[in-house]
Amino acid sequence: MAEVLVLIDHVAGQVKKPTYELLTLAAKLGEPSAVFIGGADGAAGAAEAVKGYGAEKVYVIDDAQIKGYLVAPKAEALAQLAASASPAAILLPSSAENKEVAARLAIKLDSGLITDAVDLDESGVATQSVFAGNYTVKGKVTKGTPIITVKPNSAAPVEKAGAAAVTPFEVTISDAAKTAQIVASQPRKASGRPELTEAAIVVSGGRGTGGDFSAVEGLADALGAAVGASRAAVDSGWMPHTFQVGQTGKTVSPQLYVANGISGAIQHRAGMQTSKTIVAVNKDEEAPIFELVDFGVVGDLHTVLPAVTEAVKAA
Ligand code: FAD
């Protein structure tokens, strides 16, 4: 069975959940192999982590020649691995950086590219949600090695034992790829909450919060969820733009999305309508968000959310 390469999403060797989702999708297309780009110290831990999700091999590309630069060296390294392993497909977790890596890789391999897939079937047909979520498009790469970036939360990770045989892979990065250097990088302040685009549960607030997000944050923390916001809440200066969900914010696809004091404008829906279960709390029973929900509560969020939070904590 042909190999399917999955780029491991990690921070200092700590493997992130989208990797497991991609390994699960990769198993539909062939034999999943994970690719770790990073220092040798993190490789063993990463291999151990992906072992439980069906990775038969873990290619380790030492990042000594890669770190300190922007995306080009990564694309060059993956192209060299692809030339050697001849995979059936290459999957990368969707992120701004990985989409650029994927585009450069597609040019190097003379292959087709699909970005931001939300599903992938056995025949390599990828599903995308486009035009602010108004259309669902199914597409397939018809040239070269399919390169597909997949959004977080697109598949439920399925545990499956794999050999995870660590396979070091030497790369030679050209000077031409080392043209854009990182001059500073600052880690985001840790909030203790999951990353918005990766969280299994997102609790969001809108203009209906009146600027008081304490009830939204209280429920989010009780559920171990990320906090999101509508543009109205962000434009009002109540939450930073990094929290915005929607057409001009982030796209989330969690198992559970709880919209509080959010009317359900099309631009907000564009960022959350692929969530598996949607719950809304709104005091207006005519609010458009109720057309979309699996469960709706007509009421004041400042009363409803603290009661739900207490119930969650007591459960
Ligand atoms: P509102 O529409 O004002 O709704 C507030 C809701 O809160 C109402 O339904 C009200 O009944 C309810 N409410 C009030 N008080 C309470 C209470 N105490 N308890 C419970 N419910 C209460 N929007 C986004 O969110 N994300 C985007 O990325 C985005 N991109 C955009 C891009 C463009 C080009 C444009 C034109 C617009 C964009 N918007 C986006 C804005 C979008 O059109 C809406 O204006 C915005 O989503 C409205 O936010 P809201 O639902 O919080 O506010």
Side-chain angles (χ1 to χ4, degrees), residues 94-96 99 115-116 118 128-136 151-154 188 191 193-199 201-223 225-312:
S94 275
S95 65
K99 281 190 269 186
T115 56
D116 285 339
V118 293
Q128 291 167 296
S129 178
V130 302
F131 294 132
N134 284 317
Y135 288 89
T136 297
K151 284 192 171 186
N153 290 309
S154 293
R188 212 183 13 237
S191 68
R193 295 191 184 115
E195 166 67 20
L196 181 55
T197 53
E198 290 167 15
I201 306 177
V202 175
V203 181
S204 284
R207 202 194 308 271
T209 60
D212 178 1
F213 262 68
S214 58
V216 170
E217 291 180 317
L219 179 60
D221 290 340
L223 291 169
V227 172
S230 73
R231 178 160 161 181
V234 170
D235 285 353
S236 302
W238 301 337
M239 293 307 254
H241 182 255
T242 47
F243 285 61
Q244 186 177 315
V245 172
Q247 188 182 332
T248 44
K250 291 189 172 144
T251 304
V252 299
S253 194
Q255 297 298 321
L256 172 64
Y257 187 86
V258 190
N260 305 287
I262 293 176
S263 60
I266 182 76
Q267 296 89 352
H268 187 79
R269 291 179 185 212
M272 45 65 75
Q273 64 191 359
T274 54
S275 304
K276 310 297 175 288
T277 300
I278 300 172
V279 176
V281 179
N282 197 301
K283 66 180 188 185
D284 174 10
E285 63 178 48
E286 304 283 325
I289 191 85
F290 286 130
E291 294 161 10
L292 196 66
V293 299
D294 299 285
F295 302 97
V297 180
V298 178
D300 186 329
L301 69 93
H302 297 294
T303 313
V304 175
L305 296 192
V308 177
T309 304
E310 283 314 306
V312 169

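Indexing begins at 1, ligand by ligand and atom by atom, following the structure's order. Atoms considered below: every heavy atom in the structure, side chains included; atoms not considered: hydrogens, waters and symmetry mates. Everything numeric in this text was worked out from a predicted model, so none of it was measured.
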Per-atom filter on ligand 1: closer than 4.0 angstrom to a heavy atom of G261 are 5 (C), 6 (C), 7 (O), 12 (C), 21 (N), 22 (C), 52 (O)
Quick test: of every protein heavy atom, which one is nearest to atom 21 (N) of ligand 1, and how far off is it to 0.1 Å? K283 N, 3.1 Å
For G206, counting its heavy atoms only, list the atoms of ligand 1 lying under 4.0 Å from any of them. 52 (O)
Using a 4.0 Å cut-off to any heavy atom of G249, which atoms of ligand 1 qualify? 28 (O)
Using heavy-atom distances, let me know which of Q247, Q267, R207, Q244 sits nearest atom 36 (C) of ligand 1. Q267
With rounding to the nearest 0.5 Å, note down the distance linking NZ in K151 to CD in E198. 13.5 Å
Write down the atom of G206, the atom of W238, and the distance for their closest heavy-atom approach. O-CZ3, 3.7 Å
Is a side-chain N or O of N282 found less than 3.5 angstrom from the main chain of I262, in a donor-acceptor match? yes
What residue and atom, counting heavy atoms only, is the protein's closest point to atom 14 (C) of ligand 1, and at what distance? G208 CA, 3.3 Å
Which residue and atom name correspond to the protein heavy atom nearest atom 19 (N) of ligand 1, and how close is it? L301 N, 2.9 Å
Heavy-atom donor-acceptor pair, R193 side chain to A226 backbone, under 3.5 Å: no
I need the atoms of ligand 1 closer than 4.0 Å to a non-hydrogen atom of A232, numbered in the order shown. 48 (C), 49 (O), 50 (P), 52 (O), 53 (O)
Roughly how far apart are D284 CG and I289 CD1, rounded to 0.5 Å? 12.0 Å
When distances are taken from atom 11 (O) of ligand 1, the protein heavy atom at minimum range is N282 OD1, 2.7 Å
Please check if the side chain of H302 supplies one atom and the backbone of T209 the other of a donor-acceptor pair under 3.5 Å. yes
Can you confirm whether some protein heavy atom lies under 4.0 Å from atom 45 (O) of ligand 1, or whether none does? no
Ligand 1 and H302, any nitrogen or oxygen pair closer than 3.5 angstrom? no
Between ligand 1 and V245, is the shortest N or O to N or O distance under 3.5 Å? yes
I'd like to know if the side chain of N260 and the backbone of S204 have a donor-acceptor N/O pair within less than 3.5 Å. yes
In this structure, atom 52 (O) of ligand 1 is nearest to the protein heavy atom S230 OG, 2.6 Å
Near G246 (heavy-atom distance under 4.0 Å), the atoms of ligand 1 are 26 (N), 27 (C), 28 (O)
Atom 2 (O) of ligand 1: nearest protein contact (heavy atom, Å): S263 OG, 2.6 Å
Protein contact to atom 33 (C) of ligand 1 [nearest heavy atom, distance to 0.1 Å]: R231 NH1, 3.4 Å
Side-chain donor or acceptor of N153 paired with backbone N/O of A199 under 3.5 Å: yes
T274 side-chain N/O to S253 backbone N/O, donor-acceptor pair under 3.5 Å: no
Which atoms of ligand 1 sit under 4.0 Å from any heavy atom of D300? 17 (C), 18 (N), 19 (N)
For atom 47 (O) of ligand 1, find the nearest protein heavy atom and state the residue, atom name and distance (0.1 Å precision). A265 CB, 3.8 Å
Can you name the atoms of ligand 1, numbered from 1 with element, that are less than 4.0 Å from a heavy atom of G299? 19 (N), 20 (C)
Can you tell me how far the NE2 atom of H268 sits from the CD1 atom of I266, to the nearest 0.5 Å? 11.5 Å
Hey, does the side chain of K250 reach the backbone of G271 with a donor-acceptor pair shorter than 3.5 angstrom? no
Looking at every non-hydrogen atom in both residues, tell me the closest pair between S129 and V118 and how far apart they are. N-CG2, 4.5 Å
